[in-house]
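Below is one structure; the comments refer to it alone.
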Amino acid sequence: MSETASISINGKSHELPVITGSENEQAIDISKLRDVSGAITLDPGFKNTGATKSAITFLDGEQGVLRYRGYPIEQLAEKSTFLEVAYLLIYGDLPTTETLSDFRNKISRHTLIHEDMKKFFDGFPSKSHPMGQLSCLVGALSAFYPESLDPNPSEEDENLTIMKLLAKMPTIVSWIYKKSLGHPVIYPRNNLNYVHNFMNMTFGQITEDIDIDKSVVSAMHKLLILHADHEQNCSTSTVRIVGSSNANLYASISAGISALWGPLHGGANQAVIEMLENIKNDGGDSAKWLAKAKNKNDPFRLMGFGHRVYKNFDPRAKIIKKACDDVLDKLGIDDPVLEIAKELEAAALKDQYFVDRKLYPNVDFYSGIIYRALGFPTDMFTVLFALGRLPGWIAQWKEMKANKEPIGRPRQVYTGDTKRDYVPLDQR
Ligand code: SDX
């Protein structure tokens with residue numbers, strides 16, 4: 001006998017099915033609620049509402065658990081590579097040596113972008129935010145690959161569109177950075193692996209070959225893996241709902257990039273560094289800024305802290321914090337904002353306001369410190385988040401299409417004026 005939930009409204013009782021996931025999460029299936037009761041549910045921010053069933057990423061906010069296709073994030077961050085994790089998220093299993101090599105070779109065939117796309121780069125003001133450029137450039141890919149507009153592509157064509165996007169994203173990201181410096185762009189090199197190729201396009205020069213430190217490439221793999229997916233977060237939900245209208249992959253990912261830009265979401269990694277710099281320039285008094293974060297009359301929030309789902313440590317933040325120490329030590333960098341970040345964390349974890357609200361450091365709290373140590377400017381941090389999240393967005397979009405999910409169209413409770421008649425202008 002399957003579990004049901006009872007709801008009574010207007011003197012009538014209704015039984016609704018309860019579904020249980022593979023990790024024993026339970027959900028009340030309300031897909032027939034309005035038909036049987038005439039009522040809908042209301043849940044601003046969808047804090048209690050599941051939008052879909054998904055087999056991609058599992059996270060337990062209470063326990064601080066994160067797994068991609070069942071594999072713990074700690075193991076993947078330590079042992080895997082970003083392209084292997086991308087394959088895992090998109091196709092569901094770890095690749096074999098042969099399938100990974102085939103995946104890598106296919107991607108290396110598509111790393112160039114159409115030369116006409118350079119005109120887009122030239123059109124942006126030099127100081128325009130990289131996230132706005134990235135959203136525009138990714139959306140523009142559909143202009144060069146019109147076959148991607150087919151809402152019902154063959155599996156082969158869908159995979160080709162996926163490969164092209166995975167292949168071209170590092171080129172687009174690195175060229176955005178080069179253009180911001182007024183430097184000539186560096187073209188992709190097929191003899192380099194995905195992350196090394198990206199770092200070479202970003203920090204290389206046409207005037208000389210440069211050696212990218214192996215520890216820097218390794219740190220970048222780890223950061224990209226840690227950002228690769230996170231179930232139904234704001235930007236992923238955006239990708240799924242845009243894709244549910246049969247919009248093409250490039251348009252769906254472009255929308256996800258825009259959602260990620262917000263400082264409450266992916267934009268927090270930039271906001272954290274700006275916050276830490278402000279605190280340092282203000283004399284480094286973390287107690288003063290914690291007090292501001294707790295003050296309801298002060299709009300200041302402790303960026304990089306708190307999470308909609310994690311009510312325990314964000315497992316990614318733990319790994320990134322350790323990587324921070326390792327990378328800065330290896331590169332011989334002493335960044336004063338790291339000490340301020342650690343002081344803020346230590347003080348907040350003992351502060352009743354943060355303890356009561358279960359506010360812990362999230363993925364964005366330490367990531368910017370590493371990105372800065374690797375040589376990236378602050379306004380590129382969220383673009384790096386998008387580069388990491390791309391395989392997760394693609395996997396979620398692919399799953400939504402494969403499940404033939406209906407177009408996303410939430411209902412509402414209307415609270416505006418009831419019916420009233422038009423009043424001619426001269427009588428108002
Ligand atoms: C990401 O969803 C994902 O998975 C996202 C992400 C991913 O991988 O995709 O993990 C990536 O977006 C991480 C989050 C990055 N954002 C920030 O670091 C911005 C700072 N954090 C917050 O603004 C906030 O914590 C959110 C947006 C992350 C979560 O907000 P919620 O779940 O809507 O919680 P809330 O705003 O209702 O806060 C609950 C309480 C409130 O106080 P009360 O009204 O109960 O008194 O906690 C307070 C908030 O004021 N609070 C904070 C705080 N975060 C929450 N107070 C001070 N500083 C903070 N950072």
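Every number for a ligand or one of its atoms is a count from 1 in the order of the listing.
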- Message: If you count every heavy atom of other residues, nucleotides or ligands that lies below 6.0 Å from Lys280 atom NZ, does the total exceed 12?
- Response: yes
- Whether over 12 other heavy atoms sit under 6.0 Å from Leu100 CG: yes
- Task: Identify whether NZ of Lys or CZ of Arg in Lys178 sits under 6.0 Å from the centre of the six-membered ring of Trp175 and within 45° of that ring's axis.
- Result: no
- Sidechain-backbone polar pair: Asn362 side chain, Gly306 backbone, donor-acceptor under 3.5 Å: yes
- On the ring face of Tyr353, is Arg357 found with NZ or CZ under 6.0 Å from the centre and within 45° of the axis? yes
- Message: I'd like to know if the side chain of Thr202 reaches the main chain of Ser174, judged simply by a donor and an acceptor atom lying under 3.5 Å from each other, with no hydrogens or angles considered.
- Response: no
- Task: Check each protein residue for a heavy atom under 4.0 Å from ligand 1 and list those that pass, ordered by chain and number.
- Result: Lys47, His230, Asn233, Pro263, Leu264, His265, Ala268, Ala293, Lys296, Arg301, Leu302, Met303, Gly304, Phe305, Gly306, His307, Arg308, Arg316, Tyr353, Arg357, Leu359, Asn362, Asp364, Phe385, Arg389
